[in-house]
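Since the structure comes first, as structure tokens, the remarks are kept for the end.
Keep in mind that the numbers below use all heavy atoms, side chains included, and drop hydrogens, waters and symmetry copies.
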Amino acid sequence: MIVETEAYAPNDPASHSYKGRTLSNETMFGPPGRLHVYRSYGIHWCANIVCGDDGVGAAVLLRALEPTRELEQMQARRRLENPRLLCSGPGRLAQALGLTGEHDGLRLDHSPFELSPGGPVDVVSGTRVGITRAAERQWRYALSGSSFVSRPRPRA
DNA sequence: GTATTGATCTTCT
DNA sequence: GAAGATCAATACA
């Protein structure tokens with residue numbers, strides 16, 4: 001279950017799409033409904049859902065999941081015992097799901113992916129994490145009270 | 001509890 | 001040559 005995301009828009013200095021298309025952010029420019037995976041700090045993979053139309057360059061970064069099934073698979077991939085840490089962060093999440101650059105550009109409405117709507121939830125917004133530009137935009141969204149978000153209690 | 005640091009790749013200056 | 005949408009172990013208070 002997705003418990004935390006961040007928005008990245010076109011004309012957003014913090015977005016990878018801000019300074020034009022490159023080889024690795026190409027899929028951010030659409031079409032929407034696909035997965036964008038990029039390498040972070042040389043050693044991690046981070047997963048986005050592309051949500052802008054063709055040529056726009058907008059996406060939602062998946063920051064944290066609450067693992068509800070396949071726990072053993074995730075642990076096997078991550079070699080980490082604490083289930084709290086399994087998916088609480090973009091790099092962890094991608095590793096737990098086995099996402100790599102190979103999955104960049106794949107459609108989320110086709111196997112092996114499956115997205116389902118959840119019930120109504122309480123969402124709080126806060127400042128985005130780990131960026132230096134446009135950091136004041138409150139574009140981070142998390143489930144209120146969830147203990148699986150990557151940082152405790154985003155400021156509402 | 002907060003602070004520091006190594007791992008290591010792509011793009012930008 | 002440096003910074004970046006990071007993680008986790010280690011060091012210190």
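Taken from OG in A/Ser88 to CD in A/Glu66, the straight-line distance is 11.5 Å, to the nearest 0.5 Å.
A distance of about 23 Å separates the C1' atoms of C/dA8 and B/dT10, rounded to the whole Å.
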From CA spacing to verdict: side chain to side chain contact (heavy atoms under 4.5 Å, CB included), A/Asn48, A/Tyr38: CA-CA 8 Å; A/Asn48 299 251; A/Tyr38 73 94; 3.5 Å; yes
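For DNA chain C, the outermost nucleotides in 5' to 3' order that have an atom under 4.0 Å from a heavy atom of chain A are C/dG4 to C/dA8.
Protein atom CE of A/Met28 is 14 Å distant from nucleotide atom P of B/dT11, rounded to whole Å. Rounded to whole Å, the distance from CD on A/Glu26 to P on B/dT11 is 11 Å. Residue A/Asp104 contributes atom CG, which lies 13 Å from atom P of B/dT10 at whole-angstrom precision. Following rounding to the nearest Å, A/His16 (NE2) and B/dC12 (P) show an atom-to-atom distance of 10 Å.
At least one side-chain heavy atom of A/Leu86 sits under 4.5 Å from a side-chain heavy atom of A/Gln75. A heavy-atom distance below 4.5 Å is found between the side chains of A/Val123 and A/Tyr141. When side chains are defined from C-beta on, A/Ser15 counts as touching A/Met28, because their heavy atoms get closer than 4.5 Å. A/Thr100 has its side chain out of reach of A/Val37: every pair of non-hydrogen atoms, C-beta onward, lies at least 4.5 Å apart. In this structure the side chain of A/Leu61 reaches within 4.5 angstrom of the side chain of A/Tyr8, judged on heavy atoms. For the pair A/Pro90 and A/His44, the minimum side-chain heavy-atom distance is 4.5 Å or more. Within the 4.5 Å cutoff, side-chain heavy atoms of A/Arg128 are placed close to those of A/Asp12.
Residue-level contact check: A/Arg128 touches neither bases nor backbone, having no heavy atom under 4.0 Å from any strand. Across all strands shown, A/Leu23 has heavy atoms under 4.0 Å from sugar-phosphate atoms exclusively, and none from any base. Note on A/Arg79: nothing from the nucleic acid sits closer than 4.0 angstrom, heavy atoms only. Among the protein residues, A/Gly91 comes within range of the sugar-phosphate backbone only, with heavy atoms under 4.0 Å from sugar or phosphate atoms but none that close to a base.
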Per-nucleotide pairing state of DNA chain C [Watson-Crick or G-U, under 3.5 Å; [ ] pseudoknot-crossing; | other strand]: ||||.|||||||.
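For the OP1/OP2 pair of B/dT10 and a distance below 4.0 Å, the side-chain nitrogens and oxygens of A/Ser24 include no atom meeting the criterion.
Each of A/Thr132 and A/Leu80 has a nearest nucleotide on DNA chain C; the 5'-most of these lies closest to A/Thr132.
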